[in-house]
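Order of appearance sets the numbers: ligands from 1, and atoms from 1 within every ligand. Position 1 is the first residue of the sequence, and the numbers go up from there.
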Amino acid sequence: MSAIDNALLSSLQDIVGSERVLTDANSLQHYGTDWTSLYAPDPAAVLLPDSAAQVQAIVQLAVTRNVAIVPSGGRTGLSGGAVARKGELILALDRLDTIDAFNRVDRTVRCGAGVLTAQLQAFAMQRGLSYPVDFAASGSSRIGGNIATNAGGIRVIRHGMTRDWVAGVKLVDGRGELLDLNKGLVKNNTGYDLRHLVIGAEGTLGIVVEATMRLAEAQPATAVMLLATPDIQSITQVFDTCRDTMALTAFEFFSEAAMLRVLAQGDRQRPLERPAPFYALLEFELSDSSARDVALSLYEDCVSRGWVQAGVISQSDAQKASLWRLREDITETIARWTPYKNDISTVTSRSAEFLAEIDAVVTAHYPGFEIIWFGHIGDGNVHLNILKPEDMPADTFHRRCEEVSQSIFAVVQRFGGSISAEHGVGLVKKNDLHFSRSELEIDIMRQIKKAFDPHSIMNPGKIFDT
Ligand code: 2HG
Ligand code: ZN
């Protein structure tokens with residue numbers, strides 16, 4: 001790749017306007033990294049286009065100058081997918097933030113890549129509908145980034161991942177061509193669905209500039225139940241018991257270690273009298289008047305079987321929100337211990353054995369490190385965060401965690417699971433991709449990349465090396 005020079009900078013200014021080409025140290029730092037905070041950013045410049053045509057012109061110029069591009073959304077990712085550390089041009093989609101073309105019959109809406117998740121949720125709500133994909137970062141994550149990472153979140157068990165809500169995608173590929181994929185259709189069996197290749201491709205196939213998103217009906221009221229449990233196995237038993245009888249919208253869990261860290265954040269009250277090793281957080285629809293009674297009888301049943309020690313059901317929206325915060329605030333709360341993150345999954349039916357084996361590996365290999373367990377147990381997906389001891393240098397810590405990860409990933413592989421259930425591969429997990437994907441699969445992915453991005457300028461070095 002060639003370095004950028006003044007001639008290139010001035011051509012870029014001609015495309016987006018001089019005030020939309022940022023090269024000051026603060027901007028390079030701000031736009032050059034994501035929530036991983038593991039890598040020192042070193043981009044050449046940040047560009048803020050405001051149309052698909054400008055994005056195309058930038059890519060066409062980058063091709064002729066052989067300069068790499070890193071697309072940038074809300075940068076809330078946790079795998080380094082949006083990190084620019086090799087003199088790349090950052091193409092930040094912030095200004096493509098228009099929502100329009102709402103169609104009540106199709107229940108679709110057109111979103112620029114820079115639309116915030118919360119902006120789309122509010123737009124839908126104002127029209128008596130909903131955008132039900134939700135996560136802690138909904139206030140800062142952007143639709144283009146959600147599509148690039150196929151973002152999941154806390155209601156996947158009920159509403160699926162971002163992929164399930166994308167009716168069409170406009171993509172600027174690695175030649176600078178604009179592809180209009182699926183055009184909002186419900187039914188379209190005309191060969192390979194390229195839209196779905198682009199979703200989750202982490203910007204390696206091109207830049208998502210626009211999407212047609214589906215909306216759902218307004219969601220029924222929900223309540224939250226927090227249950228104290230003696231171990232993770234009990235949580236999976238609770239899950240098996242309630243999934244057929246309750247209209248679950250979320251089934252999450254976290255450990256006492258996570259609870260302690262979040263409670264220490266402020267003057268937060270412990271929601272249950274006594275601490276327990278683990279907690280399950282269930283959100284369920286109050287679809288009819290018996291929903292609370294069903295939840296209560298499930299609670300009593302679980303207590304009598306020894307799976308649950310205590311519990312609370314929200315009686316108001318405020319109480320519901322405060323129970324959710326115990327779960328949703330974990331990532332931000334523990335960020336200052338620069339945690340090493342695992343984001344692993346198996347099929348839900350094997351969660352119990354999977355977790356028992358992962359727990360055994362973690363206990364044997366991580367003596368002395370604080371482990372924070374939490375995640376989406378109803379999706380078979382757990383987040384294992386290892387906190388860095390204050391006095392340990394970051395690289396030593398990271399190296400030791402990576403060694404243990406090899407044993408964790410061996411278990412994941414044996415279960416046919418995923419080494420990155422929802423956070424993507426980016427830079428962080430690319431050396432471990434072989435635990436989840438065969439050599440042949442990776443080779444086919446390389447060929448697909450070549451078809452979309454023949455000059456290898458689209459987020460190179462992410463997912464795999466070309
Ligand atoms: C969540 O579920 C996010 O809160 C972040 O996926 C998980 O910080 C993590 O490891
Ligand atoms: Zn998660």
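- Heavy-atom contacts from other residues, nucleotides or ligands closer than 6.0 Å to CD of E332 number 12 or fewer.
- Of the candidates L91, L47, I69, V55 forms a side chain to side chain contact (heavy atoms under 4.5 Å, CB included) with just one, namely L91.
- Side chain of N182 to main chain of A167: a donor-acceptor pair is present (N/O by atom type, distance under 3.5 Å, no hydrogens or angles).
- Annotation: F397 is in aromatic contact with F369 [ring centroid separation under 6.0 Å].
- Counting only protein N, O or S atoms closer than 2.8 Å to the Zn ion (ligand 2) gives 3.
- Within 4.0 Å of ligand 1, the residues that place a heavy atom are L78, R327, T331, K341, F374, H376, H383, N385, E422, H423, listed by chain and number.
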message: E283 vs R158, test: salt bridge (charged side-chain N to carboxylate O under 4.0 Å, His left out). Steps then yes/no.
response: CA-CA 10 Å; E283 186 186 73; R158 172 78 175 87; over 6 Å; no
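- Of all non-hydrogen atoms in G375 and E252, the two that sit nearest each other are O-OE1, 3.2 Å.
- Between the side chain of T76 and the backbone N or O of W35, no donor-acceptor pair lies under 3.5 Å.
- W337 and E390 are linked by a side-chain donor-acceptor pair at a separation below 3.5 angstrom, with hydrogens and angles left out of the test.
- Between the side chains of T117 and N146, at least one donor N or O lies within less than 3.5 Å of an accepting N or O.
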